[in-house]
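Report on the structure given below.
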Amino acid sequence: MLELLTPSEMARADAAAIARGVPGRVLMENAGRAVADTIVHRWPAGTRVLVLCGPGNNGGDGFVCARILRERGLVVRLMLLGDRARLSGDAAEAAERWRGGVEPAEPTRVASALRECRVVVDALFGAGLARPLEGAAAAVVEAVVASGRPVVAVDLPSGVDGATGRILGPAIRAEWTVTFFRMKPGHLLLPGRIACGKTLVADIGIPASVLAAIGSRTTRDLPDLWRDHLRPPGLADHKYARGHAVVVSGPLARTGAARLAAEAALRVGAGLVTLASPPDALVVNASHLTAVMLARMNGAEGLAEILADTRRNALVLGPACGVGEGTRALVETALAAAPAVVLDADALTTIAEAPAEIFATIAARAAPVVLTPHEGEFARLFPDLAAAGSDLPKTERARRAAERSGAIVLLKGADTVVAAPDGRVAIADNAPADLATAGSGDVLAGLVGGLLARRLPGFEAAACAVWLHGECGRRAGPGLIAEDLAGELRPILAEFHEAERRRAWAAEDEDDEDDDRGGSD
């Protein structure tokens with residue numbers, strides 16, 4: 001499931017489902033049952049469970065969960081934050097169906113109960129919380145955190161903002177989070193993702209058709225987002241049909257970053273890759289390259305000569321190329337002559353000194369430009385957006401940066417966000433911490449460049465590159481260095497293309513069956 005829904009969008013999905021005939025009490029029953037199932041699958045009958053319910057629908061889910069857990073043989077103690085008489089709607093009905101005791105969730109009473117239970121259900125606030133917890137609510141959450149008991153959170157750990165992933169004061173840290181219909185951005189964005197533990201998505205009966213009316217532009221970065229563009233090589237393909245990427249090298253003592261990018265571009269499927277090398281770096285680059293070709297480049301004029309060959313359809317510029325006027329001239333040449341451009345590292349720092357003119361040039365282009373900043377580079381390029389970080393979620397900062405620059409913005413991190421000028425956003429969550437190593441970003445830039453050379457659209461190329469980069473890191477594992485990453489692409493792409501072939505065969509078989517059925521009418 002690609003789509004991500006903010007808490008307000010999720011409320012609209014609930015309302016749309018109810019309007020289409022799915023009663024709210026059924027949605028709540030299904031939600032509570034999904035949480036109970038998660039617990040029953042992990043703890044045996046007789047386990048002592050403390051269910052903490054809040055004053056809204058999240059608490060109603062907790063009442064349902066408590067009832068089902070008791071029916072399945074677990075020992076349940078339920079505490080309510082707030083006045084039971086003030087529960088309303090489906091939550092009040094769920095409370096009526098609970099036949100056990102309801103204790104007040106007073107901090108001292110909760111602390112005592114925590115010493116006796118084996119697991120805690122956090123059904124206090126969920127994804128709709130938009131302000132820091134205070135008073136008794138904050139004290140209850142702090143007691144749960146201090147207890148060290150495993151927590152199963154309903155929808156989202158209390159204290160985490162579902163739209164942004166921010167921690168709003170005291171917050172639960174769950175081992176499992178059970179959310180409903182679709183994940184929220186806060187399940188993927190840091191630090192919320194850490195607080196969620198493992199997030200499970202439960203089907204509670206909301207029709208998928210409601211998504212069209214909601215119109216969410218935020219997705220999870222998964223292969224379904226870009227798989228239709230990453231087709232397996234065809235028998236009739238030749239190397240030029242698969243594109244020709246150019247990577248600009250730095251000077252003599254700074255050549256490694258560009259070679260990492262070039263190898264990644266070739267491994268990801270570009271038919272040819274040329275390393276454009278300053279004269280002083282030709283020998284050192286030549287001594288390291290075999291399948292990657294080498295071209296002499298004398299500054300911006302030399303780059304223009306290389307790009308005059310129109311078969312060279314994607315350019316990666318920035319890894320260790322230096323900061324200053326020479327690099328700015330290379331950027332201007334690239335934007336004027338290259339069909340698709342990736343600006344990374346030193347290129348970003350260079351244009352940050354006066355970005356408006358470059359952004360205007362990018363916006364006027366038809367072909368894609370991808371910017372790949374980490375948070376420091378983003379702050380140099382978009383200082384006002386970076387300064388508003390406490391008020392703007394990472395998704396919105398990237399979205400506004402893309403709109404302003406006219407480029408696809410790939411804002412790197414453990415929760416990398418890819419944003420397009422048209423408002424589309426994808427959040428990646430598959431990057432391991434091991435990727436935080438020198439040269440990893442250069443490999444990512446090369447992956448984007450190679451996919452652009454293969455003529456993937458800009459947004460899909462960036463999102464695909466981010467996912468592949470994370471998967472390479474996951475497979476390479478602890479101790480990886482940047483040189484390890486591109487080699488991991490071979491089994492990943494082999495598995496992906498084999499799955500695509502099987503998917504195509506299955507679709508053909510289904511079409512044949514449909515034809516047979518139609519012919520018998």
Side-chain angles (χ1 to χ4, degrees), residues 239-240 242-300 302-322 326-327 329-331 333-335 337-348 350 367-372 410 438-456 458 461-462 465 468-469 482-483 485-486 489:
K239 60 188 178 184
Y240 284 105
R242 298 177 64 186
H244 188 161
V246 175
V247 179
V248 175
S249 171
L252 176 62
R254 296 197 299 273
T255 58
R259 288 197 301 274
L260 286 169
E263 181 186 0
L266 196 60
R267 285 285 189 190
V268 84
L272 305 93
V273 177
T274 292
L275 190 68
S277 177
D280 67 339
L282 280 169
V283 173
V284 67
N285 278 323
S287 68
H288 287 86
L289 299 177
T290 304
V292 173
M293 298 181 292
L294 190 61
R296 183 187 186 95
M297 181 194 73
N298 279 305
L303 180 60
E305 292 173 359
I306 291 170
L307 295 175
D309 183 341
T310 57
R311 295 174 299 181
R312 291 167 171 157
N313 62 325
L315 175 73
V316 179
L317 172 60
C321 68
T327 295
L330 290 172
V331 170
T333 298
L335 295 177
V341 178
V342 181
L343 298 181
D344 182 50
D346 289 348
L348 299 176
T350 294
V369 175
V370 180
L371 310 180
T372 62
L410 193 165
S440 174
D442 304 318
V443 173
L444 176 57
L447 294 176
V448 179
L451 293 168
L452 289 172
R454 291 182 61 175
R455 298 175 180 84
L456 271 72
L468 290 173
H469 188 248
E483 287 94 319
L485 295 173
L489 283 167

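Since this is a predicted model, take the numbers as computed values, not measurements.
Summarising the geometry of A300 relative to T333, their closest heavy-atom pair is CB-OG1, 3.4 Å, with the distance given to 0.1 Å. Contact record, G322 with R254: CA-NH2, 3.8 Å, taken as the closest heavy-atom pair. Contact record, A314 with A453: CB-N, 3.6 Å, taken as the closest heavy-atom pair. Annotation for N298 and P279: closest pair OD1-CG, 3.0 Å, computed over non-hydrogen atoms. Listed here is the closest heavy atom pair of A334 and L317: CB-CD2, 4.3 Å. What you find for A462 and V370 is that their closest heavy atoms are CB-CG1, 4.3 Å.
No donor-acceptor distance shorter than 3.5 angstrom exists from the side chain of R267 to the backbone of L485, with no hydrogens or angles considered. Judged by distance alone, with hydrogens and angles left aside, the side-chain atoms of R242 form a donor-acceptor pair with the main-chain N or O of G269 at under 3.5 Å.
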List the steps, then state whether side chain to side chain donor-acceptor pair (under 3.5 Å) holds for D346 with T327.
CA-CA 8 Å; D346 289 348; T327 295; over 6 Å; no
Using the rule given for side-chain contact (heavy atoms from CB on, under 4.5 Å), can you reason through V331 versus T350, listing the C-alpha separation, both sets of side-chain angles and the distance that settles it, and then say yes or no?
CA-CA 9 Å; V331 170; T350 294; 5.7 Å; no
Take L444 and T372 through the test side-chain contact (heavy atoms from CB on, under 4.5 Å) and record every step on the way to the result.
CA-CA 9 Å; L444 176 57; T372 62; 5.8 Å; no
What verdict does the side-chain contact (heavy atoms from CB on, under 4.5 Å) test give for V316 and V448, after you've listed the backbone C-alpha separation in whole Å, the side-chain angles of each residue and the deciding distance to 0.1 Å?
CA-CA 8 Å; V316 179; V448 179; over 6 Å; no
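When side chains are defined from C-beta on, L452 counts as touching P368, because their heavy atoms get closer than 4.5 Å. Two residues are said to be in side-chain contact when any heavy atoms from C-beta on lie closer than 4.5 Å; L315 and L303 meet this criterion. The closest side-chain heavy-atom distance from P319 to R259 is not below 4.5 Å. Residues L272 and R311 form no side-chain contact, since every pair of their non-hydrogen atoms from C-beta on lies 4.5 Å or further apart.
Between L282 and the options L252, L294, T255, a side-chain contact (heavy atoms from CB on, under 4.5 Å) holds for only L294. Shown are T274, N313, T310; of these, the side chain to side chain donor-acceptor pair (under 3.5 Å) with H244 is made only by T274.
Note: L410 CG to H469 NE2 = 10.0 Å, rounded to the nearest 0.5 Å. With rounding to the nearest 0.5 angstrom, the CG atom of L335 is 11.0 Å from the CG atom of L330. Distance check: M293 CE to L266 CG gives 9.0 Å after rounding to the nearest 0.5 Å.
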